[in-house]
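The next block holds one structure in the form of structure tokens; read it before the comments.
Within every chain, numbering begins at 1; the chains are lettered A, B, ... in the order of the sequence lines, protein sequences first and strands thereafter. If you're wondering where the values come from, they're calculated on a predicted model, not measured in any experiment.
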Amino acid sequence: MTPPSTSTGVNLLYSEVEDSLRQNLRDLLTVRCTPARVIAMYDGEGDLQPSLWRELSVDLGLAGLLVPEERGGAGASAREAAVVMEELGRFVAPVSFLTSAVVATTALRGTNHEILDGLGAGQRTAALTVPLHLSAFGFRAAVRMDGEGRLHGAVTSVAGALDADVLVVPVRSGAGVELHLVDVDGVGVTVETVTSLDMTRQLADIVFTGADSTLVVGADAGDAAVREALEVGAALLASEQLGVAQWCLDRLVSYLVDRKQFGRPVGGLQAIKHRLADLYVLVESARAAARYAAATAADGDPDREVAASLAQAFCSEVAVKAAEECVQLHGGIGMTWEYPAHLYLKRAKADQIAFGTAGAHRQRLGELVALNPATQIGLRHD
Amino acid sequence: MTPPSTSTGVNLLYSEVEDSLRQNLRDLLTVRCTPARVIAMYDGEGDLQPSLWRELSVDLGLAGLLVPEERGGAGASAREAAVVMEELGRFVAPVSFLTSAVVATTALRGTNHEILDGLGAGQRTAALTVPLHLSAFGFRAAVRMDGEGRLHGAVTSVAGALDADVLVVPVRSGAGVELHLVDVDGVGVTVETVTSLDMTRQLADIVFTGADSTLVVGADAGDAAVREALEVGAALLASEQLGVAQWCLDRLVSYLVDRKQFGRPVGGLQAIKHRLADLYVLVESARAAARYAAATAADGDPDREVAASLAQAFCSEVAVKAAEECVQLHGGIGMTWEYPAHLYLKRAKADQIAFGTAGAHRQRLGELVALNPATQIGLRHD
Amino acid sequence: MTEDVLDGDVLTADETALAKLSRRVERLLDAHDPATTDRLDFLRARFDAGLAWVHFPEGLGGRDLPRDFQPFVDDLLEAAGAPDNDPRRNGIGLGMAAPTILAFGTEEQKRRFLKPLWTGEEVWCQLFSEPGAGSDLAAVATRAVRDGDTWVVNGQKVWTSSAHTARFAILLARTDPDVPKHAGLSYFLCDMTDPGVDVRPLRQLTGEAEFNEVFLSEVRIPDSYRLGDEGAGWQVANATLMNERVAIGGQAAPRESGMVGVVAETWRNRPELRTPELHDRLMTLWVEAEVARLTGQRLSQKVIHGQPGPEGSAMKLSFARLAQQLSGLEIELLGEDGLRYSSWTMVRPDIVEFTGRDAGYRYLRAKGNSIEGGTSEILRNIVAERVLGLPSEPRTDKHLAWKDLPR
Amino acid sequence: MTEDVLDGDVLTADETALAKLSRRVERLLDAHDPATTDRLDFLRARFDAGLAWVHFPEGLGGRDLPRDFQPFVDDLLEAAGAPDNDPRRNGIGLGMAAPTILAFGTEEQKRRFLKPLWTGEEVWCQLFSEPGAGSDLAAVATRAVRDGDTWVVNGQKVWTSSAHTARFAILLARTDPDVPKHAGLSYFLCDMTDPGVDVRPLRQLTGEAEFNEVFLSEVRIPDSYRLGDEGAGWQVANATLMNERVAIGGQAAPRESGMVGVVAETWRNRPELRTPELHDRLMTLWVEAEVARLTGQRLSQKVIHGQPGPEGSAMKLSFARLAQQLSGLEIELLGEDGLRYSSWTMVRPDIVEFTGRDAGYRYLRAKGNSIEGGTSEILRNIVAERVLGLPSEPRTDKHLAWKDLPR
């Protein structure tokens, strides 16, 4: 007997559990993750990150969301993680949820290694050691092992490494890609901070010169583990982008209803109204795309690779568009350091590059849905 | 001593001669080329074309504008022809000016052949026998000669052929491309009408099965003559596109100032005003691009190939945009057969394909200004 | 969740309802073998069995069930070879007149009109728009003057599809010019066979006359055909329009339905036309179309047990924009073939396929998508005001009597 | 055309004027050898010779010639190794204050201010915008109250570039709150060394403090420093803004100047970053930038003997949009490198280069291009109303006394 839901496909709504998770997180972030504290990070006054991450990871238990229950985690799915990403985006929260609790955890989830206990409990924080701009379909390992089993190589622009105590390093071997754990403070590991466009997800350049490591995923499975981690990262980044865009829209609406020029609220001028209406359509569309990516990732749906690229191709543009409109329609105040709009602009623009640009994902989709590119450049010259 | 004009480059303004030419033409077209008569052409009630072309070509002398003075023409330049194209675009006039007086005449201009006398006097009308969508840089000749010197081959989607008495046919030969004159009514020539998206520039499919012909340009010069003709065609088509866009903007402004909804003129609603302001910016920009293409074509400026592709890459999009806005902002009435907006939409859309699409011209510009494409598809997968 | 027991198993409420529906379908098929029953007899029997539109009330073709149970019934009947009611012939009747009659009609009106509407015996059209009242629908000037128990109607309507095949129309007319314009309208059901109704084809830019102009001269409508209260026509008409926008924008459909599917097929079948530029533009629109599809799916999941809200306006905005951009791209992709057109001959089609005929037709016809059923400009106003809560335009026409407004 | 004779040849009027200019330059250089003359002495002598801005009147640094003769003079002097007046340090003075003083100033004001302005001895800034009066500039609340022959000014201004290096400011203040807002403003020249002027850096999203906030407390301005009539400040300020928009959008420049040149160079130097998608987007923007350049060139040909009109607003719209799209594209093109930023350290730059520093800076700074000097929204209003003649918005703030307006 066919259940009614099949007539409309994958469930794209929020569950009550997700709504309640969102509310708890929002309550905490409203108090703890204020714009002024986030802005201070750009001046290197970064005491926000460690304490905030402790509260989220331990007190709210978010670090263990994707850790299997048998390793002490919540055993939740990408759906719940996506709701967390939305809220973190809404507050441009500078925490390691995406890098440690989503990407690194996904890379390790199949191992049942004890590191998962620490990750799930929020006692350890990990970072997959790949450049932030890398997509699942563009991944190549940059680190190699010497004859004595020590690691060598450089990986630039790694997100989350500055807040991690353990690095999950993809290592080239003859038989494929292995995953190794490396202690951030270990001998032969250099982590250099990078002044980043988005200082709320600051990057680091990492160099291995004969570092010790522990093998956790063998050469038969490492490549797939990294690609899955990056694909889930792309899928859930869409929810962060949705949160960024939603904040921009909400803030614009409330600002422009209050702001008066020429004797009228600016939000009542038709040209502004139409732009906000268009933005609303984009944000609601981004929500459908992000929910679909999360739901298919949660269910291991065969369409999940399409869904992840679809969501990145769409949501990354929406977040940038929303942040740009947010600065523009605030006028001068949106350009100031004190007003938080720029935090969202910088996050949105950096997110546009993260896990592959929209253009790269469109190209990938063409391969996945049999819409092939021109076979030759300059073939048609009419 | 440096003349002052060099500080601001090529003259992009209209001269008094051009203004007066425009006014004469507009006066005539206002009376003779009414929307109702143009619309009737879509139902095959096409008595407008021959009489109108006679008045323009003979009475106003427009057929001989580009014919050298020594062959009885006006010896004018692409600047003046561009102004004529603007006005013809403004009235979507169904005449052979572009196909005969610009393109075919340019192809033959270097020959000093007596056919130029007839063309210049408006007694003969010619059509370069190439598909309308072909660009100068995409040209290849499709017709060949048999051992007895007779022509064979098919050329589809030729503009102007239905109104021409002589065809200017590019013919492949071992040494290059020759140009031949062929009588439209001659033996071995079949001209089949094509129901066209733009019936004001109706196309024809032409088949040569052993047709007699007269050689006018030899294999050493034919290819260059055709390419120059198509380049000038592209350069001046931009002025037609400007005229189309200008009509759409002017008509919208006058309609929307009158049209009242919700107790106010629609043209006073801010969202509409902003769209019309954006359209004005596009139209004025298209004017600069079209004038530059005309001026550089007139002067044989080394930048003329860039200018022609620049103008097509820009103006073809502006005309389509203006015509689409014209239909949309008229509301229902813009969709009706009786209202002339659709004539401009169809002309603009067909013009977008003519002489190469905007995309093809952008690609060509990349080659011309050393902005090379990616050397390999799918190279960058981040 | 309530539980039920069927054949010994404990079932959810949904499963119980489906099982019951399934049996009801079996009984209908047993009593009226599709292979031997007259088409219309079968459709009437299906209506009487409550299997026409299951979310309608019992006795009016439905069973008071959620709307999303309908595809289950449709699939069973289709599998058994049963005829359908050819819904495309009566889109306005099914999508707009029926839900409005259900919501605002008297018992007599529902009994009289819904059954022949559903079976397709009576096709419906819509007499709303006028030359002077397009986006500003509340400005309709068609007058209805009471004469005892009937109304005498005079005026001109435009953009009426199916007027030449319709038996009835939903009609918006001005019954009181002395009050502000939104307050002086009433909503009627109009018999199109009345001798005062004159239907003339209205040709559009595609060459076809898909719509009509309708001239109303001394048309007499009984007061029993008024839908909703006198003066409440604006509220009733708005309910109709919300249904229209959901019908246009919010349907669940598989990937690559509609315009995007047409262009994707052209791309796949014509490799010689491909360029890198066109590929990226195609993929951009493919992404947007697929996201719009998911957005429509999400919307229908949200409203599945409720009424359509202003979110449907957002969907229609996306639908229109994508149809236009995709059909415009297709012509560029086709290049030379895009310069050709199938035929400009004036015809009056019974059914309109946005994706039918050739690329030129699709391009031209799609221009109407952002005008018909609410222009995209009006829909943006609706989204801005009703969804985002932004202030409305300063207006002078809301409080003056209609007769005193400047024209 | 009048003719003249020089060295036996018949010359056009233009040629005659150029020949005369050439001789005048020679005489200046003979009398003040750049190699041995103090920079400031040379600049003052150049001003006195009427070679500073030839389109200004004689006696005020010019020769009443068309504006396009200036590059000829500049080129001759540059070739002779003469110093220039470092115009970028005093952009507001040269581009906005000077033409406004010339158009509206008294003879005394012109004599007092134009020469040290042109030589750069006195840098100028602009005190127009306020936190409560951004796009709605006529809403300025800074008060100027007359006290005998002086005005006492109190208020707060924002977005003042060069305030920390400026000696003078052009200032818009409210002198009469009892009349509608456009009628109660006056325009002043303000001495920035007055003890009541407090300049504080205003940090912006790039990390820099390129602008300032300026607090005015009991600042005393002599009435002889009022520019234009009392109550005519709005008209004077509009003339200033028109000059600003032309200065921003309408300069003649070679192909690939500005942002498009930066991105094109990145493209040429980094072949490994190229993709087909990025190529078409680059070419699209390259085309638009080149067309915008030609449009600016056409505009300057049109206005070369006249005053800037509202068409300058159209140019500024294109300039801002292109700077934003190009700088946004550059970050995508750079990919990984686009994720990095040079430095967030707070600095107060003397000169702002829109295309300076790194890609991230360009992207962020360009966001201001559609806000400063008139937002793109305001410019669209100007184009719609003043160029296309479309009706203005219904407004309630044009006839009420300023003090009675809702805030």
For the student: nearest non-hydrogen atoms of D:Gln301 and B:Leu12, plus distance:
OE1-N, 2.8 Å
What's the separation between atom CZ in D:Arg281 and atom CZ in B:Arg362, rounded to the nearest 0.5 Å?
12.0 Å
For chain D, which residues from residues 277-299 of chain B have at least one heavy atom closer than 4.5 Å to it?
B:Ala277, B:Asp278, B:Tyr280, B:Val281, B:Glu284, B:Ser285, B:Arg287, B:Ala288, B:Ala289, B:Arg291, B:Tyr292
Could you tell me which of D:Glu377, D:Glu288, D:Glu277 has the largest number of non-hydrogen atom pairs under 4.5 Å with chain B?
D:Glu377
Applied to residues 236-268 of chain B, the ring pair (Phe, Tyr, Trp, His ring centres under 6.0 Å) test, sequence neighbours excluded, yields B:Trp247-B:Tyr344, B:Tyr255-B:His330
Does any N or O in the side chain of D:Arg268 come within less than 3.5 Å of the main-chain N or O of B:Ala370, such that one atom is a donor and the other an acceptor?
yes
In Å and rounded to the nearest 0.5 Å, what is the OG1 to CD distance from D:Thr284 to B:Glu317?
8.0 Å
So, the part of D:Gln70 with a heavy atom under 4.5 Å from chain B: the answer is neither
Which heavy atom of D:Glu393 sits nearest to which heavy atom of B:Leu269, and what is that distance?
OE2-C, 4.2 Å
Side chain, backbone, both or neither of B:Ala358 within contact of chain D (heavy atoms, under 4.5 Å):
neither
Portion of B:Arg275 that has a non-hydrogen atom of chain D nearer than 4.5 angstrom:
neither
Which atom of B:Lys273 lies closest to which atom of D:Pro391, heavy atoms considered:
NZ-O, 2.9 Å
Heaviest contributor of heavy-atom pairs below 4.5 Å to chain B, chosen from D:Val287, D:Val387, D:Val383, D:Asp75, is D:Val287
Nearest 0.5 angstrom please: B:Leu276 CG to D:Arg380 CZ, how far?
12.0 Å
Side chain, backbone, both or neither: which part of B:Val369 has a heavy atom under 4.5 Å from chain D?
both
Side chain / backbone / both / neither for D:Leu388 at chain B, heavy atoms under 4.5 Å
both
How about D:Glu265: does its CD atom have over 12 heavy atoms from other parts shown lying under 6.0 Å from it?
yes
Relative to chain B, which of D:Ala17, D:Ser318, D:Pro394 shows the most heavy atom pairs under 4.5 Å?
D:Pro394
Which bit of D:Ser376 is near chain B, if near means a heavy-atom gap under 4.5 Å: side chain, backbone, both or neither?
neither
Within the structure provided, determine whether D:Leu294 and B:Leu310 are in side-chain contact (heavy-atom separation under 4.5 Å).
yes
Cut-off 4.5 Å, heavy atoms of chain B, and the answer for D:Arg255 is side chain
Residue pair D:His279 / B:Asn372, side-chain donor-acceptor N/O under 3.5 Å:
no
Contacting moiety of B:Leu256, where chain D heavy atoms sit under 4.5 Å
neither
